[in-house]
Amino acid sequence: MAAGDRWNLPNLITVVRIATCPVIYWLALAPGVTERLLAFVLFLAASASDLWDGYLARKHGLITNMGKLLDPVADKLLLVATFIPVYLISHRGPASELPWWGALPLWVLAVIFGRELAITVFRSWAARRGEVIPAGRSGKYKAFIQNLFLGGALLWYPLLGMAQRRGWGGSFWQGWQVFHGAWIGLMLAAALILTVYSMVDYLWGYRRLLSGSAGG
């Protein structure tokens, strides 16, 4: 495959998404409301680019093995760049705890990142056997729900900061807190369920590789 085929527009979008991850990480951990709002906006843009590059690749026949490998890497880096700051911030005291979940439990990170590590190892193992495993449908659903949680959590903290500075109150703000808190709590629960399901789905879908290895 020619280099020009590898460095097509969808793959370049994916590379840009990878490059934004450390910026999002830094902004999310910054103490200022403005920086945290920027982290939320950049996260939305990065998440949208994941849908955009996939759409372009399918529409214009630009699906490449490089893209199949880069896209999951970008998803995982974005996950690290957002989940870890949310975890760290949630442990800064009672005022920073997440709705429903409190200080984000360590086992949540173990499930989320353990799944990613397991699938990454499995993909690398399969690639050495000539099988490039792209992001599957269940994995995409998992990533989408995770992003809904992460977007909600990244927005939660700057909104709380703005509420404290400007003295927000009243029924609207209280109602918003209830809605936003329920969103965060439910999306994280759904993300954990889909995280486990997608891992089982991947391994079952490519069980022929595992059985072939056992048989060899």
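Everything numeric in this text was worked out from a predicted model, so none of it was measured.
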Peer 1: Looking only at the side chains, is there a donor atom on one of Thr82 and Gln146 sitting less than 3.5 Å from an acceptor on the other?
Peer 2: no
Peer 1: Using the side chain to side chain contact (heavy atoms under 4.5 Å, CB included) criterion, which residues pair with Phe172? Sequence neighbours excluded.
Peer 2: none
Peer 1: Which distance, rounded to the nearest 0.5 Å, do you find between the CE of Met162 and the OG1 of Thr34?
Peer 2: 8.5 Å
Peer 1: Testing the basics here: between Ser90 and Leu98, what is the closest heavy-atom pair and its distance to 0.1 Å?
Peer 2: CB-CG, 4.2 Å
Peer 1: Can you give me the closest heavy-atom contact between Pro158 and Val33, atom names plus distance?
Peer 2: O-CG1, 3.7 Å
Peer 1: Taking ring-ring contact (aromatic ring centres under 6.0 Å, His included) as the cut-off, I'd like each qualifying pair that reaches into residues 26-51, sequence neighbours left out, listed once.
Peer 2: none
Peer 1: How long is the straight-line distance from CG of Leu104 back to CD1 of Ile84, given to the nearest 0.5 Å?
Peer 2: 11.5 Å
Peer 1: What pairs with Asp201 under side chain to side chain donor-acceptor pair (under 3.5 Å), at least two apart in sequence or on another chain?
Peer 2: Ser138
Peer 1: Taking only residues two or more places apart in sequence, or in another chain, which ones meet Val15 in a side chain to side chain contact (heavy atoms under 4.5 Å, CB included)?
Peer 2: Trp7, Leu70
Peer 1: With a 4.5 Å heavy-atom cut-off, do Leu148 and Ile145 have their side chains touching?
Peer 2: yes
Peer 1: Using every non-hydrogen atom in the two residues, find where Ala39 and Ala28 come nearest and quote the distance to one decimal.
Peer 2: CB-N, 3.6 Å
Peer 1: Once side chain to side chain contact (heavy atoms under 4.5 Å, CB included) is applied, do any residues pair with Val178, and if so which ones, sequence neighbours excluded?
Peer 2: none
Peer 1: Looking only at heavy atoms, which two atoms of Leu77 and Cys21 are closest? And how far apart?
Peer 2: C-SG, 3.6 Å
Peer 1: Could you give all pairs that pass the salt bridge (Lys or Arg N to Asp or Glu O under 4.0 Å) test and reach residues 87-115, with sequence neighbours left out?
Peer 2: none
Peer 1: How long is the gap from OG on Ser96 to CG on Leu88, to the nearest 0.5 Å?
Peer 2: 11.5 Å
Peer 1: Start with the C-alpha gap between Tyr202 and Arg123, add the side-chain angles, then the distance that decides, and say whether side-chain contact (heavy atoms from CB on, under 4.5 Å) holds.
Peer 2: CA-CA 10 Å; Tyr202 268 108; Arg123 276 200 178 103; 3.2 Å; yes
Peer 1: Just by distance, do the side chain of Arg207 and the backbone of Trp204 share a donor-acceptor pair under 3.5 Å?
Peer 2: yes
Peer 1: If you look only at pairs with a residue in residues 10-21, which of them pass as a salt bridge (Lys or Arg N to Asp or Glu O under 4.0 Å), with sequence neighbours excluded?
Peer 2: Arg17-Asp50, Arg17-Asp53, Arg17-Asp71, Arg17-Asp75
Peer 1: Would you call Leu159 and Trp173 a side-chain contact if the rule is heavy atoms closer than 4.5 Å?
Peer 2: yes
Peer 1: Looking at every non-hydrogen atom in both residues, tell me the closest pair between Ala46 and Thr20 and how far apart they are.
Peer 2: CB-OG1, 4.1 Å
Peer 1: Listing request: all ring-ring contact (aromatic ring centres under 6.0 Å, His included) pairs with a residue in residues 139-162, at least two apart in sequence or in separate chains.
Peer 2: Phe83-Phe149, Trp156-His180
Peer 1: Should we say atom OH of Tyr197 is surrounded by more than 12 heavy atoms from elsewhere, each under 6.0 Å from it?
Peer 2: no
Peer 1: Distance from Leu79 atom CG to Leu150 atom CG, nearest 0.5 Å?
Peer 2: 6.5 Å
Peer 1: Suppose clustering is done on Ile, Leu, Val, Met, Phe, Trp and Tyr with side-chain heavy atoms closer than 4.5 Å. Which residues sit in the same group as Val121?
Peer 2: Leu117
Peer 1: Return each pair, listed once, that meets ring-ring contact (aromatic ring centres under 6.0 Å, His included) where at least one residue sits in residues 84-107; pairs must be two or more places apart or across chains.
Peer 2: Tyr87-His91
Peer 1: Taking only residues two or more places apart in sequence, or in another chain, which ones meet Tyr206 in a ring pair (Phe, Tyr, Trp, His ring centres under 6.0 Å)?
Peer 2: none
Peer 1: Test of understanding: clusters of I, L, V, M, F, W, Y form through side-chain heavy atoms closer than 4.5 Å, transitively. Do Ile24 and Ile112 belong to the same one?
Peer 2: yes
Peer 1: Is a salt bridge present between Lys142 and Glu116, judged by a nitrogen-to-oxygen distance below 4.0 Å?
Peer 2: yes
Peer 1: Using the side chain to side chain contact (heavy atoms under 4.5 Å, CB included) criterion, which residues pair with Glu35? Sequence neighbours excluded.
Peer 2: Leu27, Ala30
Peer 1: Please give me the minimum heavy-atom distance between Ile184 and Gly152, naming the atom from each residue.
Peer 2: CD1-O, 3.7 Å
Peer 1: Let me confirm one number: the CG-CG distance from Asn147 to Leu78, rounded to the nearest 0.5 Å.
Peer 2: 6.0 Å
Peer 1: When rounded to the nearest 0.5 angstrom, what is the spacing between CG in Asn8 and CD1 in Ile13?
Peer 2: 9.0 Å
